[in-house]
J.: 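I'd like to ask some things about the structure below.
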Amino acid sequence: MTYNFAFLDEDTKRMLRRSLLKAVAIPGYQVPFGSREMPLPYGWGTGGIQVTAALLGPDDVLKVIDQGADDTTNAVNIRRFFARVAGVATTEHTAEATLIQTRHRIPETSLREDQILVFQVPEPEPLRTLEPREAETRTLHALADYGLMHVKLYEDIAQYGHIATSYDYPVLVDGRFLTSPSPIPKFDNPKLDRSPALMLFGAGREKRLYAIPPYTHVESLAFDDHPFEIQCWEHRCELCGSGESYLDEVVVDDQGTRMFVCSDTDFCGSRRTEAQA
Amino acid sequence: MMQAAFADYVFDSQRTFRELLQAMARPAQPRPLPVLPPSPAPIAPAAMAILLTLCDATTSVWLQQPEEEAISHLRFHAGLRLAERPEDADFALISDPASMPSLERFAHGDLRYPDRSASLIIQATSFSSSPCMQGEDGRGSHTVASTQDCATPPQPSPASRGGSNPAMRFAGPGIRETETLAIDGLPSDFWQQRAAMAAQLPLGVDLFFVAAQHVVALPRTTRLLES
């Protein structure tokens, strides 16, 4: 059985491409699109896959990561999917990729202007847990009325003494639209601000696309007396010794022994290769 | 006789789209389009490349100069619907910018759906960009003029009506510091019209300018700085 290049038919790609251009033109605004059924279930990155399919050309080099890792099920499946339906080259090295599809991380290696980052997004609406009605959240965006989110962050402070949101931490894009950065750790939020690379977001089940253009001001919400802070660790990566990357805590045996390792496998692997050389 | 469209339907539109996406993501930076399909007058080949890449039976297009041959070409190759009035169009092709309708007339979207707004493809006489901000290929300042284009018949010298515009500085999302660009062949009050719409953000229209084989985009968020 053969497919059209990159699986989707050309009408669908054109629809996605028109929506992506509007998404870039209105930074942070969620553009509705006609999400298609994909050969993976919702929740496995169908939004990101459709965005990637609309972008992909034969000269692209694709990298796919899941929580920073190139070798986890979701990443391996999506990479193999596009190698099969588009015949594109794939890589695990951030610097070699022209297109990077990601679930829940931004690579540690700085991105370049000629790279595009595609995020898989489960819930594109940052206000959804606070206001379930779509008609209502759409009005709040129209009026730029984001008081609900500030109250939520304030309640965190009142209850816990600090803002307890640690991932999917809400951002204001270009001073206008409240936007979900997807469930990346707040550690990665500073990388959204004035990024040289274009960042595109796809939510397949919720049928929304949005974008953060390069060099766009992205502000993580905070208060004057409770400024935005990222996570930090008392540990270093036990494999590569990095003290500035995002660390995963991994249980390594039945006795509950733990170790901290970089979540970005390419970053960690490259550092270890360099150290050996 | 009917002219051909993209020789390689799938990959020509994919390559064109990637340039359009980067053009929209990096406003005021001209980019060369990879493929220029044959195009009947008054549609410039670069404008035709954009129409073939983005338009189909689900989009409506308003042609400023609805010539019979251009209409049948677009209907045959893209199957697109023609809009009777500028306000009904998803895309508008402006082939004679000096006499184009006011930007106010095109769809701006509504506050709940600002994406339901028009994209204009404007065939400029020429545009020239700033030195040193030309992106990865390291070219310096250059000028792109549509008169170099042998595939379209020469326009009746729109430069004599629009005049030569001085370079303007732009800022906004997608622009690192500022970007300098001059676009020739626009109506004299074009920038006043566009500035008047900025008060309605996030409503607005998004602009693609083409000249020869180049495209440059100005999304609604790009601000013209005082010189």
Side-chain angles (χ1 to χ4, degrees), chain A residues 4-6 9-11 13-34 54-60 98-99 112-114 116 134-135 137-139 141-144 173-177 194 196-200 209 211-218, chain B residues 8-18 20-27 29 34 50 52-59 78-80 90-91 109-119 135-136 171-177 179 201-208 217-222:
Chain A
N4 187 32
F5 180 82
D9 61 275
E10 292 301 304
D11 282 346
K13 287 189 203 168
R14 259 196 305 277
M15 173 271 295
L16 282 156
R17 288 166 182 171
R18 287 192 297 265
S19 305
L20 286 170
L21 288 171
K22 282 297 173 196
V24 173
I26 315 168
Y29 166 73
Q30 301 164 50
V31 182
F33 79 107
L55 295 172
L56 210 57
D59 302 330
D60 276 310
T98 57
L99 208 57
R112 301 185 310 262
E113 289 193 352
D114 60 344
I116 299 177
E134 168 70 8
T137 51
R138 210 159 258 288
T139 306
H141 283 295
L143 301 172
V173 176
D174 190 33
R176 178 57 180 81
F177 282 101
R194 303 184 62 78
L198 170 64
M199 295 181 287
L200 303 172
L209 301 174
I212 301 178
Y215 307 117
T216 299
H217 182 51
V218 178
Chain B
D8 193 339
Y9 172 64
V10 172
F11 297 113
D12 287 353
S13 51
Q14 184 271 334
R15 286 157 65 204
T16 304
F17 168 68
R18 285 290 283 272
L20 296 178
L21 182 67
Q22 288 294 350
M24 191 60 91
R26 300 168 200 282
Q29 281 191 44
I50 299 177
L52 291 175
T53 299
L54 298 178
C55 299
D56 54 32
T58 62
T59 53
L80 51 80
D90 301 314
F91 289 85
D110 66 69
L111 273 171
R112 286 180 176 79
Y113 293 94
D115 58 305
R116 293 178 182 172
S117 48
S119 302
E136 60 267 42
I175 300 177
R176 185 157 59 182
E177 313 250 322
E179 204 66 62
L201 279 172
L203 306 187
V205 295
D206 304 305
L207 311 171
F208 291 104
L218 289 183
R220 62 195 71 186
T221 49
T222 305

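For clarity, every value in this text was computed on a predicted model and none was experimentally measured. Letters go in sequence order (proteins before strands), and every chain restarts at 1.
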J.: Which value, rounded to the nearest 0.5 Å, describes the distance between A:Y215 atom OH and B:E177 atom CD?
T.: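 Here the rounded value is 9.5 Å.
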
J.: If you compare all heavy atoms of A:Y29 against all heavy atoms of B:Y113, which two are closest, and at what distance to 0.1 Å?
T.: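 Shortest heavy-atom contact: OH-CA, 3.3 Å.
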
J.: Given that the side chain runs from C-beta out, which part of A:A6 has a heavy atom under 4.5 Å from chain B: side chain, backbone, both or neither?
T.: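 Contact with chain B is absent: no heavy atom of A:A6 under 4.5 Å.
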
J.: With a 4.5 Å cut-off on heavy-atom pairs, point out which of A:L198, A:L143, A:I26 contacts chain B the most.
T.: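 Highest number of pairs under 4.5 Å: A:I26.
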
J.: Do you know which of A:N4, A:L21, A:L20 has the most heavy-atom pairs under 4.5 Å to chain B?
T.: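 When all of A:N4, A:L21, A:L20 are compared, A:L21 has the most.
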
J.: Do you know which two heavy atoms are closest between A:P214 and B:A25, and how far apart they sit?
T.: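 So the two residues come closest at CD-O, 3.3 Å.
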
J.: Could you look at A:D9 and say if it's the side chain, the backbone, both or neither that has a heavy atom under 4.5 Å from chain B?
T.: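 No part of it gets close to chain B.
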
J.: Side chain, backbone, both or neither: which part of A:L56 has a non-hydrogen atom closer than 4.5 Å to chain B?
T.: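 Contact with chain B involves the backbone of A:L56 alone.
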
J.: Ignoring hydrogens and angles, tell me if any N or O in the side chain of A:K22 forms a donor-acceptor pair with the backbone of B:P114 under 3.5 Å.
T.: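 Here the side-chain-to-backbone pair does not exist.
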
J.: Pick from A:L55, A:L200, A:V173: which one has the most heavy-atom pairs with chain B under 4.5 Å?
T.: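 Top option by heavy-atom pairs under 4.5 Å: A:L55.
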
J.: Chain B heavy atoms under 4.5 Å from A:I116: which part of the residue, side chain, backbone, both or neither?
T.: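 Only the side chain of A:I116 comes within 4.5 Å of chain B.
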
J.: Relative to chain A, which of B:T222, B:D206, B:V10 shows the most heavy atom pairs under 4.5 Å?
T.: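 That would be B:V10.
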
J.: Determine the option with the most heavy-atom pairs under 4.5 angstrom with chain B, choosing from A:P213, A:A25, A:P32.
T.: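 Of the options given, most contacts go to A:A25.
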
J.: Output the option from A:E10, A:H217, A:H141, A:R17 having the highest count of non-hydrogen pairs under 4.5 Å with chain B.
T.: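 Top count of heavy-atom pairs under 4.5 Å with chain B: A:R17.
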
J.: With A:R18, which of B:L54, B:T53, B:D115 fulfils side chain to side chain contact (heavy atoms under 4.5 Å, CB included)?
T.: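 It is B:L54, the one option of B:L54, B:T53, B:D115 that forms the side chain to side chain contact (heavy atoms under 4.5 Å, CB included) with A:R18.
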
J.: Looking at every heavy atom in both B:R112 and A:A135, which two are closest together, and how far apart are they?
T.: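 So the two residues come closest at NE-O, 4.4 Å.
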
J.: Using a 4.5 angstrom heavy-atom cutoff, name the option from B:R15, B:Q22, B:R26 with the most pairs to chain A.
T.: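 Counting heavy-atom pairs under 4.5 Å, the top option is B:R26.
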
J.: If we ignore angles and hydrogens, is there a donor and acceptor under 3.5 Å between the side chains of A:R176 and B:T221?
T.: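 No donor-acceptor contact under 3.5 Å links the two side chains.
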
J.: State whether B:D110 and A:R138 are salt-bridged, where the test is any N-O pair (Lys NZ or Arg NE/NH1/NH2 against Asp/Glu carboxylate O) under 4.0 Å.
T.: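 The answer is no: the pair does not qualify as a salt bridge.
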
J.: When rounded to the nearest 0.5 angstrom, what distance separates CG in A:D59 from CZ in B:R18?
T.: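 If I round to the nearest 0.5 Å, the distance is 9.0 Å.
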
J.: If we only count heavy atoms from C-beta on, is the B:R176 to A:R194 side-chain gap below 4.5 Å?
T.: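 Answer yes - side chains close enough.
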
J.: Quick check on B:F91 against chain A: is it the side chain, the backbone, both or neither that has a heavy atom closer than 4.5 Å?
T.: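 B:F91 touches chain A through side-chain heavy atoms alone.
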
J.: Relative to chain A, which segment of B:L52 carries a heavy atom at a distance below 4.5 Å: side chain, backbone, both, or neither?
T.: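 For B:L52, the backbone is the part near chain A, not the side chain.
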
J.: Heavy-atom pairs under 4.5 Å with chain A are the metric here; pick the option from B:G109, B:C55, B:A57, B:A23 that has the most.
T.: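 Greatest number of close heavy-atom pairs with chain A: B:C55.
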
J.: Using a cut-off of under 4.5 Å on heavy-atom pairs, state which of B:S119, B:G204, B:P219, B:P202 scores highest against chain A.
T.: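 Looking at each option in turn, the highest pair count goes to B:P202.
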
J.: Check the pair A:K13 / B:S13 against side-chain contact (heavy atoms from CB on, under 4.5 Å), numbers first and verdict last.
T.: CA-CA 10 Å; A:K13 287 189 203 168; B:S13 51; over 6 Å; no

